[in-house]
Amino acid sequence: GDETKSIEAVDLTDTEKLRAVIHDADYVINATVDLNFPGMQRDGEERAKAHAINVGIPLKARDIGFKGKFIQLSSFYIFGHNDSKVPTTTMPAPISIYGEHKLEAENVVKEMSDFMIIRLGPLFGFDASGRQKDFYRKVVQQLEAQRKGEAVTPIKADDYPTSPIVSVNDISEGAVSLLEKDFQGI
């Protein structure tokens, strides 16, 4: 039919707002994340805020009894790095708060009756405002600045991905394909 859809910003860390958004959904794709790595590593308040987003949303969804399929976008950081070449027998061993949060969220999601966990490396694509925000963009910006003779800040080794960079569009298409096959698990 001719449905009208709208996008609305909602604070999903608020249990009642989360309940209102997901109560009759067939599935939820949880792509929320707090990526303030430096802040969450050194500051207790920032760590709590990050936890409320990275772990709190699946925790609240589980606790309110969400009955649809819960799809959690996770990260290879649960293995202590962001490298997709991880044998399936590797046990998670996060070395950062972010990795710990992602692993904790996975464990919560596994307690739900219908779930899918997709572990990702770095993504490229556009943010909600249409701006491209990713490693590729950093490289292009640096090349453009160098071409103009402007000073550039070198990209740190930590900024260089060790795993394939994944398109947000490809992840979306893959998740839809797995939904159509009624896949469950990791």
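L59 and V109 sit in two unconnected hydrophobic clusters of ILVMFWY residues. Membership requires side-chain heavy atoms under 4.5 Å apart, directly or through other members. Both L73 and F183 belong to a single network of hydrophobic side chains, linked directly or stepwise wherever heavy atoms of I, L, V, M, F, W or Y lie under 4.5 Å apart. No single ILVMFWY cluster, assembled from side-chain heavy atoms under 4.5 Å apart, contains both V108 and L103. V28 and I64 fall within the same hydrophobic cluster, defined by Ile, Leu, Val, Met, Phe, Trp and Tyr side-chain heavy atoms under 4.5 Å apart, directly or through other members. With hydrophobic clusters built from ILVMFWY side chains whose heavy atoms lie under 4.5 angstrom apart, I22 shares a cluster with F70.
Within the 4.5 Å cutoff, no side-chain heavy atoms of I53 are placed close to those of H101.
Put simply, CD1 on I97 and CD on E46 are 12.5 Å apart, with the number rounded to the nearest 0.5 Å. Taking OH of Y27 as the reference point, atom CE of M116 lies at 10.0 Å (rounded to 0.5 Å). Once rounded to the nearest 0.5 Å, the distance linking NZ of K67 with CE of M112 reads 10.5 Å. Here the OG1 atom belonging to T90 is positioned 10.0 Å from the CD1 atom belonging to I78, to the nearest 0.5 angstrom. Between the OG1 atom in T32 and the CD1 atom in I57 there is a gap of 3.5 Å [rounded to 0.5 Å]. One finds the CG atom of D63 at 8.0 Å from the OG1 atom of T15 (value rounded to the nearest 0.5 Å).
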Are F115 and Q184 close enough, and set up right, to give a side chain to side chain contact (heavy atoms under 4.5 Å, CB included), and what steps lead you there? CA-CA 6 Å; F115 71 91; Q184 176 156 329; 3.7 Å; yes
Intermediate values then yes/no, side chain to side chain contact (heavy atoms under 4.5 Å, CB included), K102 and R119: CA-CA 10 Å; K102 285 307 214 179; R119 293 181 179 146; over 6 Å; no
List the steps and the verdict of side chain to side chain contact (heavy atoms under 4.5 Å, CB included) for K60 and R19. CA-CA 9 Å; K60 288 178 188 330; R19 183 188 322 270; over 6 Å; no
Evaluate the criterion side chain to side chain contact (heavy atoms under 4.5 Å, CB included) for residue pair L12 and N30; output intermediate values, then yes/no. CA-CA 10 Å; L12 297 179; N30 182 27; 5.9 Å; no
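Around CD of E150, the count of heavy atoms belonging to other residues, nucleotides or ligands within 6.0 Å exceeds 12.
A salt bridge is defined here as a Lys NZ or Arg NE, NH1 or NH2 lying under 4.0 Å from an Asp or Glu carboxylate O, and R147 with E144 fails to meet this definition.
Here the closest non-hydrogen pair linking G99 and P94 is C-CB, 3.4 Å.
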